[in-house]
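What you see is a predicted model; the values in this text were computed from it and never measured.
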Amino acid sequence: MSRIGKKLIPLIEGVSVEIKDNTVDIKGKNGEDKIPYDPRLIKVEIEHGHIKVSRTNEEKQTKQLHGTIRALINNAIIGCHDGFKKELEIVGIGYRAEMRGQDLVLHVGYSHENVLKPIEGVTIKCIDANHIEVSGSDKFKVGQTAALIRETRKPEPYGGKGIKYKGEHILRKEGKRAGKK
């Protein structure tokens, strides 16, 4: 039995949830989301202030979808109410970021500047030259945007220079030693 799938999803005040045909419509102060599901495999119902996700049979594919659909609905409710946020840090001499309108401009050791446009529904903010904040109501889009920013210059293990998530631990390697015999 899916442990995640069995959990009930509490309805948060300020978020409206409607189940129409084969979609769950979620609306809140930060945005709205629609989660589609197959009614032949998964059953979604609202009971006593909670959303219950159950499956109709015990096939492998249905078991896999059970926890996934429940997690997607839960993340959509949290995103529409509170939103999601990822913070990134830029480490390195001369490495910096700035905003140009809605676009993020990165100067991270290349001969040219890298310009990144945010995915629709995601907001990028430069707190200062070395800290970036990515926020939005869709967990996937926020994570994807943050990953694209990090991919511009991944942190390297010798000097630790690059773009990393806040709190991420970079495994450091020892460089060559001069004069070792």
Distance-minimising heavy-atom pair for [X] and [Y]:
X: I46; Y: V17; answer: CD1-O, 3.8 Å
X: L8; Y: H50; answer: CB-CD2, 3.8 Å
X: A97; Y: I90; answer: CB-CD1, 3.5 Å
X: N57; Y: E59; answer: OD1-N, 3.2 Å
X: A146; Y: Y165; answer: CB-CE2, 3.8 Å

With a 4.5 Å heavy-atom cut-off, do [X] and [Y] have their side chains touching?
X: P39; Y: N22; value: yes
X: I9; Y: R70; value: yes
X: M99; Y: K125; value: no
X: L72; Y: V24; value: no

Going from [atom1] on [X] to [atom2] on [Y], what distance comes out if it is rounded to the nearest 0.5 angstrom?
X: E113; Y: H107; atom1: CD; atom2: NE2; value: 5.0 Å
X: T145; Y: I119; atom1: OG1; atom2: CD1; value: 3.5 Å
X: T123; Y: Q102; atom1: OG1; atom2: CD; value: 7.0 Å
X: R40; Y: T62; atom1: CZ; atom2: OG1; value: 10.0 Å
X: I4; Y: N74; atom1: CD1; atom2: CG; value: 9.0 Å
X: I77; Y: I51; atom1: CD1; atom2: CD1; value: 3.5 Å

Criterion side chain to side chain contact (heavy atoms under 4.5 Å, CB included) on I163 and V91, from CA distance to verdict: CA-CA 6 Å; I163 302 173; V91 179; over 6 Å; no
Full working for salt bridge (Lys or Arg N to Asp or Glu O under 4.0 Å) between R150 and E168: CA-CA 12 Å; R150 184 181 183 273; E168 179 183 7; 2.8 Å; yes
Cation-aromatic face contact R153/Y110, 6.0 Å, 45 degrees: yes
Given 3.5 Å as the limit, does a donor-acceptor pair link the side chain of [X] with the main chain of [Y], or not?
X: R100; Y: V105; result: no
X: T152; Y: L148; result: yes
X: R172; Y: G159; result: yes
X: N30; Y: S137; result: no
X: H66; Y: Q64; result: no

Salt bridge (Lys or Arg N to Asp or Glu O under 4.0 Å) between E58 and R55, intermediate numbers included: CA-CA 8 Å; E58 296 297 314; R55 57 182 181 242; 3.2 Å; yes
Donor + acceptor pair across side chains of H81, E13 (<3.5 Å):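 Their side chains do not contain a donor-acceptor pair, so the 3.5 Å distance test is not met.
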Side chain to side chain contact (heavy atoms under 4.5 Å, CB included) evaluation trace for F84 with V122: CA-CA 10 Å; F84 292 100; V122 176; over 6 Å; no
Test log, rule side chain to side chain contact (heavy atoms under 4.5 Å, CB included), inputs E87 and I132: CA-CA 6 Å; E87 295 179 11; I132 303 166; over 6 Å; no
Assess whether a salt bridge exists between [X] and [Y], defined as any Lys/Arg side-chain N lying under 4.0 Å from an Asp/Glu carboxylate O.
X: E120; Y: K141; result: no
X: K164; Y: E89; result: yes
X: E156; Y: K161; result: no

Neighbour count >12 (heavy atoms, 6.0 Å) for atom CD, Q144: yes
Full working for side chain to side chain contact (heavy atoms under 4.5 Å, CB included) between I35 and D25: CA-CA 7 Å; I35 308 296; D25 294 337; over 6 Å; no
Same apolar cluster (I L V M F W Y, side chains within < 4.5 Å links), L88/I170: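 Each belongs to a different hydrophobic cluster.
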Cluster overlap I78 with I73, hydrophobic side-chain contacts below 4.5 Å: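 Looking at the clustering, I73 is in a separate group from I78.
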Single hit among I42, V53, T23 for side-chain contact (heavy atoms from CB on, under 4.5 Å) with Y37: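 Of all the options given, the one that passes is I42.
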